[in-house]
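Here the structure comes first, spelled out in structure tokens, and everything after it is commentary.
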Amino acid sequence: MKYCFLLVLLSTTVMANKEALEGVLLYEYGDAADGQSHQRFYLQTNLAKIQLSSSDAFASRIPIHLWSGKKVSVFFKDVVAVDGVRAIQAIELIEGAVEKAGISGPQKWVSLACKFNDVSDEPRNEAFFDGMYANSAGGLDDYWREVSYGVANVAGSVAFDWVTLPSNQTTYIPSPGNDFDADLDLLFDDCTEAAINAHPALDINDNFVGINMMFNASLDCCAWGGGKYTGLDGGSPKLWRVTWNPPWAFANAAVIAHEMGHGFGLPHANNSDGDDDPYDNPWDVMSAAQSYAVTNGVYGRLGKHINMYYKYILGWVDDSDGLVAVAFSDQTRVVTDTALGSTSNLRFARIPLYDGTQYFVETRKKHGVYEANIVASAVIIHHVDGSRTEPPWVVDKDLPAADFSDNEGTMWKVGETFHDPKDGASVRVLSSTSYGYRLQIKGSDVIFRAAF
């Protein structure tokens, strides 16, 4: 097997006497069965993979969640890492402005089943993993087609049977089932190499964009999703969308959809209670993926839809599909249920605010393959701040906000009005239709942005 580590040319410059390196920005998101979450991001150069301080980056109020897999320049505060993490002064996108991720057309994934050499169990067979990608109700191809309104699919995705890793479980995971110290890079290297060597029919460079790795025993705390930038089997270096999944993860398709969402570059979604738990928004597969989910007899809990902001940045909807409520606008329109496949009405409303944040308004109905078990039919509003680690927070009229957003405060129903106290924007729910809600949507009434 030829394994290519050539990535991007390394360059060093100076900004205010601080070291700067160019490379590719990569994310890893860890999701634990018990509700822990972890986020790491790295600068990958041709010489090293450097973990970066996320608090420094997000403090700059730039939407770096859109930069997964992009070439960036990072200016460091200090030469020495603290606990393996480099503090950063600034981060700049080299490739130009990025407003959307642009996930469209066939997105072929391959599932690789990899056994630790001291664990013989094979929790699921090849047919199970292959069937998970089906273009039928409950299958991931059907799911992503519905969620993206047909813009993206995972057609052509396949699975390959179990191969044995060269090392035992604790070589990769010092404390299986605990902590967050799995060696994800070594797991990726050994799993892909073992699968490529064992399966002559596997052409890893045959237009695959993602790799779902299925392991036969616990990793650390978590299932993981994110990216790798490398070449495989003699191929040119590129961004691979990657997930690392223990058995509890692939028992439920919702978890795999969640991790694939991370692979597509999505962070977590959240509610508005201000804590550090990103799994308290049951309206989004990128938050509480398994809560209020439909259950399938083979693939467990199925994914719900993602919020409209994430559909927007992935390029699955744009402003022509919705209403942009500019300042002083006042319109009454029907916003279609998010799960409806086609519509002549709006899919969402977007309300820009003068601080650079915005609201995304969507409607949800209890029906269909993936949304039949959501909390209730209602209008849902997310406040989106691109500088947060979880940009979309579901709006809650309850004070304090609920710890878990299955409360009436997050559901805007007929006769209720959301009013933004700072900019004066509002959303009034006038009536319910068979396919959505009729809303009166007003833009901001603020003329000048305050200067501080």
Side-chain angles (χ1 to χ4, degrees), residues 61-63 65-66 97-100 149 269-272 283 306-338 340 343-365 377-388 390-399 401 405 408-433 435-452:
R61 293 189 62 80
I62 54 177
H65 61 284
L66 297 176
V98 175
E99 296 179 358
K100 294 189 178 183
Y149 307 120
N270 210 332
N271 73 346
S272 299
W283 302 96
I306 60 176
N307 69 81
M308 273 293 172
Y309 170 67
Y310 283 166
K311 295 185 184 189
Y312 187 83
I313 65 171
L314 291 177
W316 297 345
V317 296
D318 60 29
D319 285 339
S320 67
D321 300 307
L323 167 67
V324 181
V326 298
F328 299 101
S329 62
D330 184 348
Q331 295 194 51
T332 297
R333 301 285 297 275
V334 172
V335 176
T336 301
D337 165 35
T338 196
L340 200 64
T343 180
S344 59
N345 293 300
L346 302 178
R347 288 210 177 275
F348 67 97
R350 182 168 71 86
I351 307 175
L353 303 175
Y354 273 76
D355 63 358
T357 66
Q358 55 191 326
Y359 292 110
F360 272 75
V361 182
E362 62 188 81
T363 71
R364 308 291 283 268
K365 295 276 189 175
S377 295
V379 176
I380 303 298
I381 303 171
H382 284 85
H383 178 247
V384 178
D385 181 343
S387 69
R388 290 192 295 237
E390 301 97 19
W393 289 9
V394 67
V395 173
D396 191 341
K397 57 179 164 289
D398 290 347
L399 293 174
S405 294
E408 286 292 330
T410 58
M411 296 179 275
W412 303 87
K413 298 181 178 179
V414 175
E416 296 183 333
T417 301
F418 162 73
H419 184 268
D420 176 74
K422 183 176 181 180
D423 282 17
S426 66
V427 178
R428 181 169 177 79
V429 185
L430 300 176
S431 61
S432 175
T433 74
Y435 41 81
Y437 288 87
R438 184 174 296 277
L439 308 177
Q440 181 185 24
I441 303 164
K442 294 184 179 181
S444 168
D445 60 12
V446 176
I447 299 176
F448 300 107
R449 180 177 178 179
F452 295 98

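Treat the numbers as computed from the prediction; the structure is a model and nothing was measured. Sequential numbering from 1 along the given sequence is applied to the chain's residues.
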Is it true that Y312 and D319 share a donor-acceptor pair across their side chains at a distance under 3.5 Å? yes

Steps toward side-chain contact (heavy atoms from CB on, under 4.5 Å) verdict (W283, N307): CA-CA 8 Å; W283 302 96; N307 69 81; over 6 Å; no

Search all heavy atoms of K422 against all heavy atoms of V446 and return the closest pair with its distance. O-CG2, 3.7 Å

For Y437 and L430, indicate whether the former's side chain and the latter's backbone hold a donor-acceptor pair under 3.5 Å. no

Going from CZ on F418 to CD1 on I351, what distance comes out if it is rounded to the nearest 0.5 angstrom? 7.0 Å

Can you check whether V427 reaches I381 side chain to side chain, under 4.5 Å on heavy atoms? yes

Under 3.5 Å, is there a donor-acceptor pair linking the side chains of T410 and S405? no

For the backbone of A401 and the side chain of D398, can you confirm whether one donor and one acceptor N or O come within less than 3.5 Å of each other? no

For I380 and T363, run side-chain contact (heavy atoms from CB on, under 4.5 Å): C-alpha distance rounded to whole Å, both residues' side-chain angles, the deciding distance at 0.1 Å, then the answer. CA-CA 6 Å; I380 303 298; T363 71; over 6 Å; no

Would you mind reporting whether S444 and F328 have side-chain heavy atoms less than 4.5 Å apart? no

Work out which heavy atom in D445 is nearest to a heavy atom in G424; give both atom names and the distance. OD1-CA, 3.6 Å

Between N271 (side chain only) and W393 (backbone N and O only), is there a donor and an acceptor less than 3.5 Å apart? no

Would you check if the distance from the ring center of Y309 to the ring center of F348 is below 6.0 Å? no

What distance do I306 atom CD1 and E362 atom CD have between them, rounded to the nearest 0.5 Å? 9.5 Å

Backbone N or O of S320 within a donor-acceptor pair of the R347 side chain at under 3.5 Å? no

Using a 3.5 Å distance criterion without hydrogens, assess whether the side chain of T336 forms a donor-acceptor pair with backbone atoms of L346. yes

Test item: side-chain donor near acceptor, K311 and Y149, under 3.5 Å: yes

Non-hydrogen side-chain atoms of V361 and L439 separated by less than 4.5 Å: yes

Hey, does the side chain of D385 reach the backbone of S387 with a donor-acceptor pair shorter than 3.5 angstrom? yes

State, to 0.1 Å, how close K413 and S377 come at their nearest heavy-atom pair, and which atoms those are. CE-O, 3.9 Å

Ignoring hydrogens and geometry beyond distance, is a side-chain donor-acceptor pair present between S272 and H383 at under 3.5 Å? no

So V326 and P352, do their side chains get closer than 4.5 Å, heavy atoms only? no

Do K442 and S329 make a side-chain contact, defined as non-hydrogen atoms from C-beta onward lying under 4.5 Å apart? no

Run R438 and V334 through side-chain contact (heavy atoms from CB on, under 4.5 Å) and show every step you take. CA-CA 4 Å; R438 184 174 296 277; V334 172; 3.6 Å; yes

Where A327 and Y354 come nearest, the two heavy atoms and their spacing: CB-OH, 3.6 Å

Compute the centroid of each ring, for F360 and then for H382, and state whether the two points are separated by less than 6.0 Å. no

For a side-chain contact (heavy atoms from CB on, under 4.5 Å) check, start with the C-alpha distance between L66 and I313, then their side-chain angles and the critical distance, and finish with the verdict. CA-CA 8 Å; L66 297 176; I313 65 171; 3.6 Å; yes

Output, in order, the C-alpha distance, side-chain angles, deciding distance and verdict of salt bridge (Lys or Arg N to Asp or Glu O under 4.0 Å) for E408 and K397. CA-CA 8 Å; E408 286 292 330; K397 57 179 164 289; over 6 Å; no

Taking every non-hydrogen atom, the tightest pair across V317 and D321: CA-OD2, 3.3 Å

Are M411 and V379 close enough that some pair of their side-chain heavy atoms sits under 4.5 Å apart? no

With a 4.5 Å cut-off on side-chain heavy atoms, are R333 and N345 touching? no

Thinking salt bridges, do E416 and R428 make one under a 4.0 Å N-O criterion? no

Do any N or O atoms from the side chain of D337 and from the backbone of K365 form a donor-acceptor pair under 3.5 angstrom? yes

Is it the case that the side chains of Q440 and D330 hold a donor-acceptor pair, with the cut-off being a distance below 3.5 Å and no angle test? yes

